[in-house]
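Some notes on the structure that comes next.
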Amino acid sequence: MPAPTPPPAELHGRILDWFDAHRRVLPWREEPSPWRVMVSEFMLQQTPVARVLPVFDAWLERWPAPADLAASPSGEAVRAWGRLGYPRRALRLHAAAVAIVERHEGRVPATYDELLELPGVGDYTAAAIASFAHGRRAVVLDTNVRRVFARVVEGVQFPAPGVVRAERDVAASLLPDDDPTAARWAAATMELGALVCTARSPRCEACPVAGLCRWRALGYPEHDGPPRRGQAWHGTDRQCRGRLLAVVRDAHEPVAPELMAAAWTDAPQRERCLDSLLDDGLLDVTPDGRFSLPA
DNA sequence: CAGTCGTGGGA
DNA sequence: TTCCCAAGACT
């Protein structure tokens, strides 16, 4: 049974007005060309805005169009990615640029279905590019939007671990009918989640829909259900891979195996991680056995 | 579906 | 200090 939802018209008006007054000035919003939006969306996958900003500017300066990136070695994308984290995203962005040149005449496609075919583009990113770059109506469900709807509509502190059918239905039912308003709505609900309806300490006193919020009306019930598991880090392969790749990324010539061994002393784990980095295409081996970024 | 994949800053 | 988690995608 679907939860009773607030009157869409009032919800829309309040959130859209709030957005007009409080939206952040961001480089991919001020000049939302499809390529700029696409690059920003890749970088923002699991990485905070503040850390993306400088890398984004350098990236667009160097590769102002998909064809420019496609013409560079993938390893250069990995190096330019710097310390944004999850460097396979750099590889996928490079591969997506190649695909755009090969299949779309060098222009970022505008439809959700075409975007979804690109490497590194999943449901969220396809919807985001269609909406933010091309002004099209799309259900943009990111962690911010999911949290806002979980609280305002469902009355719970946090959304389920994975996107549920009913959740998508609610989001779709609340999406304004026309393209431009739907696109504004997508950006507005994301921004509300990012600035006000945050995970840790929501600023309900500044929320335009506090009076319509079911979670608030229920007295802010605590999350009930399986504990949300954190991400292990110390001693994991992720930490090992990160450290090994950083050595190569920060070097200006191929790195000898001895230097890699110095960066991570556990030999079996180090070898396993080097293998996985090679397998992912994040590293290459030179004929004399040293490690480099891929050509 | 559950596990994996980086990094750094704020609470 | 420790913990949490930030505009996800892929297997």
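Since the model is a prediction, treat every value here as computed from it, not as a measurement.
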- Query: With a non-hydrogen cut-off below 4.0 angstrom, is Leu116(A) in contact with a base, only sugar-phosphate, or nothing?
  - Reply: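 Nothing, no nucleic acid heavy atom in range.
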
- Have a look at Asp280(A) and say if it touches a base, only the backbone sugar-phosphate, or nothing, with a 4.0 Å heavy-atom cut-off. nothing

- Message: What's the gap between dG6(B) and dT11(C) when it is taken at their P atoms, as a whole Å value?
- Response: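 Rounded to whole Å, the distance is 14 Å.
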
- Message: Please give the distance between the P atoms of dC5(B) and dA7(C) as a whole number of Å.
- Response: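 Their P atoms lie roughly 23 Å apart.
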
- Query: Do the side chain of Gln231(A) and the base of dA6(C) come within less than 3.5 angstrom through a donor-acceptor pair of N or O atoms?
  - Reply: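 Such a pair is found, so the answer is yes.
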
Output yes when [X] and [Y] qualify as a salt bridge under the 4.0 Å nitrogen-oxygen rule, no when they do not.
X: Glu191(A); Y: Arg29(A); result: yes
X: Arg272(A); Y: Asp237(A); result: yes
X: Asp20(A); Y: Arg184(A); result: yes
X: Arg165(A); Y: Asp169(A); result: yes
X: Arg62(A); Y: Asp57(A); result: no

How many Å lie between [atom1] on [X] and [atom2] on [N], as a whole number?
X: Met38(A); N: dA7(C); atom1: CE; atom2: P; answer: 20 Å
X: Trp233(A); N: dT4(B); atom1: CH2; atom2: P; answer: 14 Å
X: Gln239(A); N: dC5(B); atom1: CD; atom2: P; answer: 12 Å
X: Tyr112(A); N: dA9(C); atom1: OH; atom2: C1'; answer: 12 Å
X: Glu41(A); N: dA6(C); atom1: CD; atom2: P; answer: 16 Å
X: Arg243(A); N: dG8(B); atom1: CZ; atom2: P; answer: 11 Å
X: His223(A); N: dC4(C); atom1: NE2; atom2: P; answer: 12 Å
X: Arg238(A); N: dT7(B); atom1: CZ; atom2: P; answer: 10 Å

Check the phosphate of [N] against [X], side-chain N and O only, distance under 4.0 Å to OP1 or OP2. Yes or no?
X: Gln45(A); N: dA7(C); result: no
X: Arg88(A); N: dG8(C); result: no
X: Arg241(A); N: dG6(B); result: yes

For the residue pair [X] and [Y], establish whether any side-chain heavy-atom pair is separated by less than 4.5 Å.
X: Trp63(A); Y: Leu93(A); answer: no
X: Leu244(A); Y: Phe291(A); answer: no
X: Thr47(A); Y: Arg89(A); answer: yes

- Query: For Met43(A), which of Val55(A), Val49(A), Leu53(A) qualifies under side-chain contact (heavy atoms from CB on, under 4.5 Å)?
  - Reply: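 Going through the options one by one, the only one that passes is Val55(A).
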
- Donor-acceptor pair between Gln239(A) and Thr236(A) side chains, under 3.5 angstrom: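 No, because no side-chain N or O of Gln239(A) sits under 3.5 Å from a partner of the opposite role on Thr236(A).
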
- Task: With DNA chain C as reference, determine whether Arg92(A) or Pro48(A) sits nearer its 5' end, using the nearest nucleotide of each.
- Result: Pro48(A)

- Heavy atom of residues 118-143 of chain A under 4.0 Å from DNA chain C: which residues?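 Listed by number, they are Pro119(A), Gly120(A), Val121(A), Gly122(A), Asp123(A), Tyr124(A), Thr125(A), Asp142(A), Thr143(A).
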
- If you find the nucleotide of DNA chain B closest to Val163(A) and the one closest to Arg51(A), which residue's nucleotide is nearer the 5' end?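 Upstream on the strand: Val163(A).
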
- Message: Near DNA chain B, counting only heavy atoms under 4.0 Å, which residues of residues 248-265 of chain A show up?
- Response: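 Under 4.0 Å from DNA chain B: Arg249(A).
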
- Message: Any residue in residues 78-87 of chain A with a heavy atom nearer than 4.0 angstrom to DNA chain B? Just list them by number, or reply none.
- Response: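 Result for residues 78-87 of chain A: Arg83(A), Leu84(A), Gly85(A), Tyr86(A), Pro87(A), sorted by number.
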
- Query: Taking the side chain of Arg200(A) as heavy atoms from C-beta outward, which of dA11(B), dG6(B), dA7(C) is closest to it?
  - Reply: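 So the side chain of Arg200(A) is nearest to dA11(B).
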
- Query: Which atoms form the tightest heavy-atom contact between Asp284(A) and Ala295(A), and what is the distance?
  - Reply: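 Looking at all heavy atoms of both residues, the closest pair is OD2-N, 3.8 Å.
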
- Message: For a quick test of reading the model, state the closest non-hydrogen atom pair linking Phe42(A) to Pro119(A) and the distance between them.
- Response: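 Closest pair (atom of Phe42(A), atom of Pro119(A), distance): CZ-O, 3.4 Å.
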
- Message: Once you measure the plane-to-plane angle for Trp185(A) and Phe149(A), does it fall in the parallel (<30°), tilted (30-60°) or perpendicular (>60°) bin?
- Response: parallel

